[in-house]
Amino acid sequence: MAEVKGASELNEPGTWHMMHSKVGDEPHEPHKGSRDHRNHAKSGVGRLHEPAGHRDGGRHEGHVTEDFKRRFIVSLILTIPILALSPFIQGLLRFRFEFPGSMYVLFLLSTIVYFYGGYPFLKGFAREVRENNIGMMTLIATAISAAYFYSSAVAMGLKGEAFFWELATLIDIMLLGHWIEMRSVLGASRALEELVKIMPSEAHLIKDGQMEDVKVEALQPGDRVLVKPGEKVPVDGSVIEGGTSVNESMLTGESKPVTKKVGDSVIGGSINGEGSISVEVRKIGQETYLYQVIQLVKQAQESKSRTQDLADHAARLLTIISLSVGAVTLAAWLYFGRDSAFAVERAVTVMVISCPHALGLAVPLVVAVSTSLAAKSGLLIRNRQAFERAGDLQAVVFDKTGTLTEGRFGVTDIVPLAEADELEILRLAASLEASSEHPIARGIVNDSSEKGLGPLHVHEFRAIPGKGVEGLIRGKRWGVVSPGYLRESNIDLKDERIEKLAVQGKTVVFLLEENRSVGAIALADIIRKESREAIERLKSLGIKCMMLTGDNRFVARWVAEELGLDEFFAEVLPHEKAEAIKNVQKDYIVAMVGDGVNDAPALVQADVGIAIGAGTDVAVESADIVLVRNDPRDVAYIVGLSRKTYSKMFQNLVWAAGYNALAIPLAAGVLYGYGILLSPAVGAILMSASTVIVAINARLLKM
């Protein structure tokens, strides 16, 4: 028997309840742990309806992105006259544009660009030095500062060549690169706000026999509220009057509507079905089930690490080389007796040549291209770093309901038990169920309609409370009933086919003709047609495929075996899903694919969170990548695009860093004795060529 890790490894005494099996294992009984979540978190969101910190975070990130955009536009506008006034550009384009004081105007415009456009990099340089973590900001700040102060000295009379145009274009490109980069990086998630939206804002309070609409926040434990058909349950409580079925799939992952009667618990945010119920309020505020989910999402967001960019590593090394070579160049030429103007020019040329035009765009350009390509294919990348990690995925964990399955109750099997064929059994059952709003009835009727089977006329229709329906068709009494009805009526039915369906966790109803079983219909959450191909594609990429669901272990095993999954986790509550992902992360780099509220903590916890776009807003807001087309096959598409994107990034970084590795020694004058000396002008042209090559390579990225 394959190893089973679920209960023993994942459960902490009294807090966990989860089934985990590899496909083919025998079902294991779950641990019977406590489901009281109140001790999980007492900090963070003070009230369920006020996730203010996350709103502020989103505004801050948006402000920073707009600030880069504004500085880029202003600097770009000022760069035009700087280029026109620069002697090198005039010589290159063979025109002359001078007037008295033109050098001072050039100096003034460049000063504005340096301090205004370069401010984010100068500020970043100060932070990196303070944190002893030099990187791209240090390299950019050093390069633009060397160019600015040396060029300023030239403008004031020092012998040499000004680099003002280099200064301006470098700042422009760096601002553009960082703006593109920030737009592709996930800002503060609005997941908590979307979670809160699940809760209705008002409730029907019953007091002294009168009904009054009040704010949910005003409810207290012990209050009695009325929940009408189709409405959301406003709070956690228990049914004290009435009966209904409740859709909890977005909260617990349970695919089938759950029958609720007097004494049963209901969860705030779940959707009431066909009956009105009176609910006594049990939990409010921080004690509610949904609040615990919110806390888990918040904690996972705050603890999630952010990997450092490849460009930062290259920039750190290049910064050290640039500063070291610049200092050595200055000292060496002074030591060999050259005048200070020549020595300073060589040192500054090294610093300017080190300006990471190509390096600064190597990653952001590829990101911009890949993000655009993905969007055109219905793949929305919200977190660039997570997208990069997708290429290294070793395991993908799918939610079941609404992800691998369609999230709707439908007919999966029809078993003839007499002479009637399958279509006739379905047609007769659908005719009887046509007047019912029960999910089982709707599933049968919908399947019959999809197969083009017209309903038959039913006389003397009668509902059998809790057992089924019956009526006369063509002069005979027919019924669609539950297994419980068969047992009460002493109708013996032992059939291996029926028993197998029951073991798979499917709901089975029986078609009776005058109290004689003529057929059985099995219903379950329908598996998506695309799911099989999605699993096959991922396995061909060497990725293990798993499933995580709140549904029972029998249904989970059936789905897992149908799709050929490697492992599955069943009967997992939302607060357990994040822990399950943590456990899988011990062995693999993991992606989580889901669509419901119950998936939100797991989406955030996973190395890569992928949301099915047709799911709830909270799943989308918690995810790194959104599949707009609602197609699980796009998960394999994401992995392939990520791998190609990483390859392009690496090529660009190698080229950009390689250019600097070659140009810096030539700028320093190591071949000066052979008559080879890289002038600032030639260095600038080579640097521009390097930038163009990086840009072209990025555009060559194909899906």
Side-chain angles (χ1 to χ4, degrees), residues 2-12 15-25 27-28 30-31 33 253 293 296-297 299-301 303-305 307 383 385-401 403-404 531 534-535 538-539 541-551 553 556-557 559-561 563-596 598-612 619 622-625 632 635-636 638-639 642:
E3 180 186 3
V4 179
K5 306 183 210 174
S8 61
E9 293 186 19
L10 296 178
N11 289 349
E12 293 180 5
T15 61
W16 258 82
H17 169 131
M18 190 178 79
M19 292 303 305
H20 169 200
S21 301
K22 292 186 178 180
V23 178
D25 291 352
H28 285 239
H31 280 222
V293 177
L296 287 166
V297 174
Q299 290 166 10
Q301 286 173 336
S303 64
K304 192 172 184 178
S305 63
T307 58
N383 185 322
Q385 293 172 342
F387 169 65
E388 292 171 12
R389 288 194 295 272
D392 300 322
L393 287 176
Q394 298 167 317
V396 174
V397 181
F398 289 91
D399 170 51
K400 181 183 75 67
T401 307
T403 303
L404 291 176
S531 295
I535 301 303
L538 288 170
K539 285 190 170 184
L541 295 172
I543 297 174
K544 287 189 173 295
C545 298
M546 308 176 187
M547 182 176 69
L548 191 61
T549 178
D551 222 334
R553 64 185 183 276
R557 181 176 296 279
V559 174
E561 291 175 347
L563 296 177
L565 299 175
D566 295 297
E567 298 183 49
F568 68 88
F569 299 81
E571 299 176 9
V572 187
L573 295 176
H575 72 284
E576 298 170 346
K577 286 195 172 184
E579 286 296 322
I581 294 296
K582 284 182 183 178
N583 191 70
V584 178
Q585 285 175 316
K586 294 176 182 177
D587 301 313
Y588 306 104
I589 299 173
V590 181
M592 172 67 191
V593 186
D595 73 329
N598 56 302
D599 303 317
L603 286 171
V604 178
Q605 175 60 45
D607 298 291
V608 182
I610 303 175
I612 293 289
S622 300
D624 303 308
I625 301 167
V635 177
I638 280 286
V639 174
S642 175

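Just so it is clear, the model here is predicted, and its values are computed rather than measured. Computed over heavy atoms, backbone and side chain alike; hydrogens, waters and symmetry mates excluded. Nothing fancy with the numbering, it's 1 onward along the sequence.
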Out of curiosity, [X] [atom1] to [Y] [atom2], how far, rounded to the nearest 0.5 Å?
X	Y	atom1	atom2	result
E576	L548	CD	CG	9.5 Å
K577	K582	NZ	NZ	16.0 Å
M546	I581	CE	CD1	9.0 Å
D551	F569	CG	CZ	16.0 Å
D599	I610	CG	CD1	12.5 Å

- Task: Kindly give the heavy-atom pair with the smallest separation between A390 and S642, and that separation in Å.
- Result: C-OG, 3.7 Å
- Query: What is the minimum heavy-atom distance between L541 and A636, and which atoms define it?
  - Reply: CD1-O, 4.1 Å
- Task: From the options R553, K400, R557, select the one residue that forms a salt bridge (Lys or Arg N to Asp or Glu O under 4.0 Å) with E571.
- Result: R553
Student check: side-chain heavy atoms of [X] and [Y] closer than 4.5 Å:
X	Y	answer
L404	L565	yes
F387	I625	yes
Q394	D587	no
L563	F568	no

- In this structure, which one of V397, D399, V559 forms a side-chain contact (heavy atoms from CB on, under 4.5 Å) with M547? V559
- Item | Among T403, I535, L393, V396, the one residue meeting side-chain contact (heavy atoms from CB on, under 4.5 Å) with V635 | V396
- Message: When you measure from the side chain of E567 to the backbone of K544, do you find a donor-acceptor pair of N or O atoms at a distance under 3.5 Å?
- Response: no
- Look at the side chain of D607 and the backbone N and O of V590, then say whether any donor-acceptor pair between them is shorter than 3.5 Å. yes
